[in-house]
Amino acid sequence: MSLIQVRRWLRESEHVVVLTGAGMSAESGIPTFRGVGGLWKQFRAEELATPQAFALRPNLVWEWYNWRRELIAGTRPNAGHQALAQIEQRIADFTLVTQNVDGLDGQAGIRNLVRLHGDIWGTVCTRCGERRENREVPLAHLPPLCHCHPEALLRPGVVWFGEALPAAEWERAMAAVQRADLLLVVGTSAVVYPASSLITMGIRYGAHTVEINPQETRLSGEMEVCLHGSAAEMLPDLASVLF
Ligand code: OAD
C-alpha cells in the first residue's frame, strides 16, 4: 500500500528533493560510516576528519583520503543512482542534495546536484584557497602541495566535523526543500547535523516525506512512509512509474 502511495506522489509532484547519504553508494561497493562494516567502526573520525587532525598529521589524513579515493575510483554508479538520473529527466524541478563526496551521482548523469559535504575529487589550498579538481589515483606525493608556494599544503575538498557547510550549497538545499512536494530520504542515518535538519524542514514545509533504507533511522518515526529496502532496488521501481 505505501509503495503505491509513493508512486502516486512521485507521479503528481512538480518539486522533488532527494537527500542521500552513504547508503546510496553502498551497492556500488563504498562502505558507509555507521553500522556493520562502517568506516567509523574502524577509524576514529576525530583523528581523520577534523581540521585539528589535519593540522596535526596532514600525512596521516591524506593517506586515509588517498585510500578512499582509490577505493571510490574502482566503483561505478549503481541502479539507484541511474534511477535518480531518470527521475530527474521527468520532474520539472528536481534537486539531489547529497552528503556523499564520491561523485557517483554526477557520474550517473544527475545535473541538479547539491554537494553538502564537498567532493573527494577536489583539493583546496590551505594558503591561497584555490579549489581544484584532482583525479590522480594514487596521489604521487603526500601531502600534495599547491603551485602558489613551495610549502603550501593542499587539503581534501571535503567538509570536516566542526566546519561550516558551504554557504551557497546550503542555501540551495534549503530553498529546494522549502518548495518540495516530495522529499525522498535515501541511505542516511540522519544523525549528522545540519544535513539532517533538512528532513525536519521538509516536514514543516509540508512535503510528503519518504525514507528508503533497509534499517530504521533516528527520523523513521517522523516520515509519512518508510520503504524498507535498498536504494538500488527501490529507486528503479519508483523511476519506472514515470516512463
Ligand atoms: P551513515 O553511515 O551514517 O548511514 C548510512 C545509512 O545507509 C544507514 O542508515 C544504513 O542503514 C543505510 N544503508 C545501508 N545500505 C543501504 C542501501 N543499500 N540502500 C539504502 N540505505 C542503505 O551515512 P550518512 O548518513 O551519509 O560526513 O552519514 C552522514 C555523514 O557522516 C557523512 O556525510 C560523513 C559522515 O561522517 C562527513 O564526513 C562530514
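For ligands, and for the atoms within them, numbers begin at 1 and follow the listed sequence. The chain is numbered in sequence order, starting from 1.
- Residue contacts with ligand 1 do not include Val186, since none of its heavy atoms lies under 4.0 Å from the ligand.
- The closest side-chain donor-acceptor pair between Glu222 and Thr209, if any, does not fall under 3.5 angstrom.
- Residues Glu70 and Arg68 are not paired through a salt bridge, judged by the lack of any N-O separation under 4.0 Å between the basic side chain and the carboxylate.
- The nearest non-hydrogen atom to atom 39 (C) of ligand 1, considering only Val159, Leu116, Asn78, Leu165, comes from Val159.
- Comparing Ala49, Pro31, Gly187, Ser28 against atom 21 (N) of ligand 1, the shortest heavy-atom distance belongs to Gly187.
- Between the choices Ala26, Gly21, Ala190, Ala232, the shortest heavy-atom distance to atom 15 (N) of ligand 1 belongs to Ala26.
- Qualifying side-chain contact (heavy atoms from CB on, under 4.5 Å) partners for Glu169, counting only residues two or more places apart in sequence or in other chains: Val114, Arg115, Pro166, Arg172.
- The protein atom (non-hydrogen) at minimum distance from atom 8 (C) of ligand 1 is Asn213 ND2, 3.8 Å.
- Donor-acceptor pairing under 3.5 Å is lacking for the side chains of His228 and Glu211.
- Aromatic ring orientation, Trp64 versus Trp40: parallel (interplanar angle below 30°, classes split at 30° and 60°).
- In terms of protein heavy-atom proximity, atom 30 (C) of ligand 1 is closest to Val192 CG2, 3.6 Å.
- Side-chain atoms of Trp67 and Glu63 include no donor-acceptor pair closer than 3.5 Å.
- The side-chain hydrogen bond (donor to acceptor under 3.5 Å, both in side chains) analysis of residues 180-195, with sequence neighbours excluded, yields the pairs Gln99-Thr188.
- Dense packing is recorded around CZ of Phe161, with more than 12 heavy atoms of other residues, nucleotides or ligands lying under 6.0 Å away.
- Looking at ligand 1, you'll find an N or O of Thr188 within less than 3.5 Å of one of its N or O atoms.
- For atom 13 (N) of ligand 1, the nearest protein heavy atom (residue, atom name, distance) is Gly23 CA, 3.6 Å.
- Within ligand 1, counting atoms from 1 as listed, the ones closer than 4.0 Å to a heavy atom of Phe161 are 36 (O).
- From the protein, the heavy atom lying nearest to atom 4 (O) of ligand 1 is Ser189 N, 3.4 Å.
- No N or O atom of Asn100 sits closer than 3.5 Å to an N or O atom of ligand 1.
- Residue Arg34 holds the heavy atom nearest to atom 28 (O) of ligand 1 of all those in Gln99, Glu163, Arg34.
- At a cut-off of 3.5 Å, with distance as the only test, no side-chain donor of His208 or Arg8 sits close to an acceptor on the other residue.
- The pair Asp119-Arg131 does not meet the salt-bridge criterion, since no charged nitrogen lies less than 4.0 angstrom from a carboxylate oxygen.
- Shortest contact from atom 32 (C) of ligand 1 to any protein heavy atom: Phe33 CE1, 3.6 Å.
- Nearest to atom 18 (N) of ligand 1 among the protein's heavy atoms is Glu27 OE1, 2.8 Å.
- Each of the atoms 17 (C), 18 (N), 19 (N) of ligand 1 lies under 4.0 Å from some heavy atom of Ser230.
- Looking at ligand 1, you'll find an N or O of Ala231 within less than 3.5 Å of one of its N or O atoms.
- Remark: ligand 1 atoms within the under-4.0 Å shell around heavy atoms of Gln215 are 11 (O).
- No side-chain donor from either of Asn134 and Thr123 sits under 3.5 Å from a side-chain acceptor of the other.
- Listed by number with element, the atoms of ligand 1 under 4.0 angstrom from any heavy atom of Ala22 are 23 (O), 24 (P), 26 (O).
- A salt bridge links Glu163 with Arg155: the distance from a Lys NZ or Arg NE/NH1/NH2 to an Asp or Glu carboxylate oxygen falls below 4.0 Å.
- Considering backbone and side-chain N/O atoms, Thr217 never comes within less than 3.5 Å of an N/O atom of ligand 1.
- Residue Trp40 places at least one N or O, backbone or side chain, under 3.5 Å from an N or O of ligand 1.
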